[in-house]
Amino acid sequence: MTEEESLWIRRFHQSPEAGIRLFCLPHAGGSASYFFPMSRSLTPAVEVLPVQYPGRQDRRFEACVDDLHELADRIFEAVRGLADRPVAFFGHSMGAALAFEVALRMEAELGVGPRHLIVSGRRAPSTCRVEQVHLRDDDGIVAELRMLSGTADDMLGDHDILRMILPAVRADYRAIETYRGRSDGAVSAPITVLTGDADPRVSLAEAHRWRSHTTGAAEVLVFPGGHFYLNDHRNDVNGVVARILAGA
């Protein structure tokens, strides 16, 4: 990897013979390590390459990026050199919007996009809700994290940990809540949409709206659970991803 690629991309398991690379983009406040279990499950058939955003873990001293389009631009620059073999994207929540935006840039700039786009826990870019979690005080943001059940309670009760993670969480929420996707934006890659049947942030109708953002095939798969349904269904989700990429 180049220095820029190494800054943004994590490789938890070596997969030198893999026929496809899967870039994984985390949720708001999330980090590359969230995808360690997926990497372990899909290796060696797939080279799983999670993206590490600035402002967290080993990049915690870097300034966060609170504009989703700027973040997508920077991620694209980091991954474009790794598109020398077939690639696919998996993004959860904010990461789903980012995966879509990076795929758009890849098709426009390189003339070829990902083989498949897997988006999880996020409504289609053409849908819009007024959300202002990023304007809340710290207690308000913590309340949101508790409601979504994606962050361990012991972390949310530790003031030292909160002091470290809240700036990144707030910046990410600002990025995704101010994001407005183009209603006519579409990729040529097939899209698979994964959603929880009790997700308070994504209705089934909003999940199906992803169909208008591809000129290829689209499917919507519904799992039991809320916004972080995949925490309880990792094996099932990994199986779906493996099936998709085997055919890509």
Side-chain angles (χ1 to χ4, degrees), residues 8 10 23-36 38 50-60 62-76 78 89-103 117-125 127-153 155-156 158 161-181 193-196 198-203 206-207 210 225-231 237:
W8 287 86
R10 300 293 173 268
F23 294 105
C24 297
L25 295 102
H27 53 279
S31 59
S33 60
Y34 186 74
F35 293 103
F36 184 91
M38 181 177 288
V51 174
Q52 187 78 299
Y53 309 142
R56 66 219 66 208
Q57 291 189 337
D58 55 330
R59 302 188 69 183
R60 64 187 179 278
E62 298 179 48
C64 298
V65 180
D66 61 4
D67 179 275
L68 193 130
H69 288 287
E70 178 186 347
L71 189 55
D73 288 341
R74 294 179 64 180
I75 293 171
F76 170 65
F89 289 93
F90 182 104
H92 180 64
S93 194
M94 180 183 80
L98 276 169
F100 175 71
E101 289 292 336
V102 176
L117 185 62
I118 306 171
V119 293
S120 167
R122 181 66 191 174
R123 56 189 178 271
T127 64
C128 181
R129 295 188 187 185
V130 177
E131 295 174 323
Q132 297 182 325
V133 175
H134 69 282
L135 297 178
R136 298 181 186 177
D137 60 15
D138 289 351
D139 289 342
I141 292 180
V142 170
E144 172 75 4
L145 297 179
R146 289 190 189 279
M147 186 272 292
L148 294 179
S149 301
T151 308
D153 285 340
M155 291 182 62
L156 296 179
D158 188 313
I161 292 178
L162 284 177
R163 189 169 62 250
M164 285 190 296
I165 69 172
L166 280 179
V169 174
R170 186 182 298 278
D172 288 354
Y173 267 93
R174 182 179 295 111
I176 191 59
E177 291 181 338
T178 59
Y179 166 67
R180 297 294 180 267
V193 185
L194 310 181
T195 189
D199 190 338
R201 293 291 176 254
V202 187
S203 71
E206 289 171 327
W210 276 101
H227 192 64
F228 283 94
Y229 72 90
L230 68 176
N231 289 352
V237 171

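The analysis underlying the following values was restricted to heavy atoms, covering all of them including side chains, and did not include hydrogens, waters or symmetry mates.
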Quick check for you: to the nearest 0.5 Å, what is the distance between [X] atom [atom1] and [Y] atom [atom2]?
X    : Y    : atom1 : atom2 : answer
R174 : L135 : CZ    : CG    : 7.5 Å
L194 : L230 : CG    : CG    : 8.5 Å
I118 : L25  : CD1   : CG    : 12.0 Å
E131 : T178 : CD    : OG1   : 11.5 Å
R146 : D139 : CZ    : CG    : 9.5 Å

Using modelled atom types only, decide if a donor and an acceptor are shared between the side chain of R170 and the backbone of R136 within a distance under 3.5 Å. yes
Look only at the side chain of R122 and the backbone of G95, and say whether a donor-acceptor pair between them is shorter than 3.5 Å.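 No, R122 side chain to G95 backbone: no donor-acceptor pair under 3.5 Å.
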Are R59 and W8 in a cation-pi setup, meaning NZ or CZ lies under 6.0 angstrom from the ring centre and within 45 degrees of the ring axis? yes
Can you tell if the side chain of [X] reaches within under 4.5 Å of the side chain of [Y], non-hydrogen atoms only?
X    : Y    : result
P50  : F23  : no
P54  : L71  : yes
S120 : Y229 : yes
L162 : V142 : yes
Y34  : N231 : yes
I176 : L68  : yes
F90  : V237 : yes
V65  : Y53  : no

Should the pair Y179 and H69 be assigned to parallel (<30°), tilted (30 to 60°) or perpendicular (>60°) ring geometry?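 Plane angle between 30° and 60°, so tilted.
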Using 30° and 60° as the class boundaries, would you call the ring planes of H227 and H92 parallel, tilted or perpendicular?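 Rings of H227 and H92: tilted, as their planes differ by 30° to 60°.
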Which atom names give the shortest non-hydrogen contact between [X] and [Y], and what distance separates them?
X    : Y    : value
A207 : T195 : CB-CG2, 4.3 Å
R129 : S203 : NH2-N, 3.7 Å
E101 : G181 : OE2-CA, 4.4 Å
D199 : G121 : OD2-CA, 4.0 Å
M94  : A28  : CB-N, 3.8 Å
W210 : A96  : CH2-O, 4.0 Å

Could you walk me through whether Q57 and S31 pass the side chain to side chain donor-acceptor pair (under 3.5 Å) check? CA-CA 7 Å; Q57 291 189 337; S31 59; 3.0 Å; yes
Checking H134, R56, H27 against D172 for side chain to side chain donor-acceptor pair (under 3.5 Å), the one that qualifies is R56
